[in-house]
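Comments concern the structure below.
Heavy atoms only: backbone and side chains are in, while hydrogens, waters and symmetry mates are out.
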Amino acid sequence: MAGAGRKSAVRGAFLLMGACWAAAPQRAAAQGAGAGEDAVAARAGTDTLPGTLAVRRLEGGPTVVVYPQAPEPLVAVRASFALDTATAQAEALADILQRLARRGMEGQAAAAGGRVTLSRTPGHAVVTVTGPAGELRALVDVIRRGVAWREPSEAEVEAARLTAATAALATEETPEAALRLRVLASLFPLLPTEPGAVPPRQWVTPERLHSFWARSFRPERMQAVVVGGVSEEEATAAFRAWPAPQLADDGAAATDATAGQGTPAPARSERVPQVLFPWAAAGFPSDASPAVLAVTARLLEGRLAALPLRTARAEVWWQGGDRAVVLEGSAAATPSPVRAAAPIRAAPPPKASRPSSARGARRVRPAAGAAPSPPPARDTMPNPGALLATAPREVAALLTPAWVAEARQSVARDILLAGRTAEGLAGYLGELFERTGHPTAGQEFLHELEGVDAEAVGQVIDAFRSGTPVVEVVRP
């Protein structure tokens, strides 16, 4: 199944989000567990995400999360399958299976008036189908058929593997990807996956693919999120009686039961990306609440724009029980002393920006009419790692309840903007479900976010100031 939806080398290994989520205990009460086919749970909404989130655990089948939106003419169905092992081999096999299934699923979705998106999150293969709410069953059938086994030829398998290898090489061409891989290894040394890794040809066989498929794409390993103009009953009925995959009788399942043990690890190239300016990242590990870290990251990102950096951003990284706020930026061009005599109109220093709703990196632009600076000499370039490490001190000096409230509202606005479409909201709810194991984690995070105050953020900032961050630098 799935054409790789990796947005960066690191995102394929674990989730990067500007607004992370809480692994808080589920406060929704389960009703009827063990009595009847479904265990039902519900979670009341928030100001950001009103309404009720319904959860049904189908006996011997998937867990279905439904967020009805009565006037909405569209519906988004997001189905994710937990991979049987958290290894680089499993990630690679899921990538290849998705690529093999992509064309057929796109055609079936178009016939139902919809579209399909194939992606992966850490340890999960994801299929999202969006289309008319009246075609719910047809859209779910796109997923059902797409994840069913179709025997590929060796030529098809090799073509999918080569396509995956090409995509992996593309992630290594930029300094950002190389930098993130270094920070990943420093902050999460036990992470079992290797972003960008692709197994050798002799290891990827139709038999191994089938064995992996039969263990991973089982109904009980599926989490389904349905958002749009359908009822809870309609959404649940569409997922009943989901067929279980069958293991082959040729011994492949028995010989490959551990999926990756005793097999060669996927090879990664050692290519060095072209770097024109120094790039750096500073990681601040923390055991604080993810909601508090999300607001803290937004405040830090606002202050980064006031530093002499070409690009800057702050994110919350989370893998398992480990969390960190990661600051990333590249050095601004500084004229060399030899060229300093040249008349250059200096631009005024950039103003300190407020926490912004933009999740990506932002470039600090010179004032209109300012002459461009000449290329810097390598030995005169500032160290962006040292600049990033000063950001907590900058925030501590300016921290106020009003600024925290503004950052909190900015994080909530990001979530609201991401969830303004059925597909975006299904992605938000689904990814939080995957990472926490709680079907209502999306609303739990929003409830927790509403209570973040200056005192909680101040404690995190103080810990960052007194601690030693993990700093990685990529130089020209």
Rounded to the nearest 0.5 Å, how far apart are [atom1] of [X] and [atom2] of [Y]?
{"X": "I96", "Y": "R208", "atom1": "CD1", "atom2": "CZ", "result": "11.0 Å"}
{"X": "S410", "Y": "L416", "atom1": "OG", "atom2": "CG", "result": "11.5 Å"}
{"X": "L179", "Y": "E328", "atom1": "CG", "atom2": "CD", "result": "5.5 Å"}
{"X": "Q223", "Y": "L429", "atom1": "CD", "atom2": "CG", "result": "12.0 Å"}
{"X": "F284", "Y": "L300", "atom1": "CZ", "atom2": "CG", "result": "7.0 Å"}
{"X": "R475", "Y": "N383", "atom1": "CZ", "atom2": "CG", "result": "5.0 Å"}

If only atom types and distance count, is the side chain of [X] paired as donor or acceptor with the main-chain N or O of [Y] below 3.5 Å?
{"X": "R221", "Y": "A82", "value": "yes"}
{"X": "E91", "Y": "G123", "value": "yes"}
{"X": "T440", "Y": "Q443", "value": "no"}
{"X": "Y428", "Y": "G442", "value": "yes"}
{"X": "W403", "Y": "A454", "value": "no"}
{"X": "S216", "Y": "D84", "value": "yes"}
{"X": "E423", "Y": "A76", "value": "no"}
{"X": "R393", "Y": "R465", "value": "no"}
{"X": "R408", "Y": "V295", "value": "no"}

**Asked** Can you check salt bridge (charged side-chain N to carboxylate O under 4.0 Å, His left out) on E106 and R103, steps first, answer last?
**Response** CA-CA 5 Å; E106 288 176 340; R103 180 174 298 179; over 6 Å; no
**Asked** Stepwise, does the side chain to side chain contact (heavy atoms under 4.5 Å, CB included) test hold for L293 with W318?
**Response** CA-CA 11 Å; L293 293 181; W318 183 31; over 6 Å; no
Pairwise side-chain contact, [X] with [Y], heavy-atom cut-off 4.5 Å (strictly under):
{"X": "L187", "Y": "P285", "value": "yes"}
{"X": "P384", "Y": "R310", "value": "no"}
{"X": "V66", "Y": "R56", "value": "no"}
{"X": "V127", "Y": "V116", "value": "yes"}
{"X": "L309", "Y": "L388", "value": "yes"}

**Message:** Going by the rule ring-ring contact (aromatic ring centres under 6.0 Å, His included), which residues pair with Y67 if we only count those two or more places apart in sequence or in a different chain?
**Reply:**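 Y67: no ring-ring contact (aromatic ring centres under 6.0 Å, His included) contacts found.
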**Request:** Return the orientation label for the F188 and W317 ring planes: parallel under 30°, perpendicular over 60°, tilted otherwise.
**Result:** parallel
Shortest non-hydrogen contact between [X] and [Y], atoms and distance:
{"X": "V225", "Y": "G430", "answer": "CG2-CA, 3.8 Å"}
{"X": "P439", "Y": "G437", "answer": "CD-O, 3.7 Å"}
{"X": "L307", "Y": "L387", "answer": "CD1-O, 3.5 Å"}

**Message:** Under a 3.5 Å threshold, yes or no: a donor from one side chain and an acceptor from the other, between T121 and E434?
**Reply:** yes
**Request:** Using the side chain to side chain contact (heavy atoms under 4.5 Å, CB included) rule, take D453 and V404 through it: C-alpha gap first, then chi angles, then the decisive distance, then the call.
**Result:** CA-CA 7 Å; D453 56 19; V404 171; 5.5 Å; no
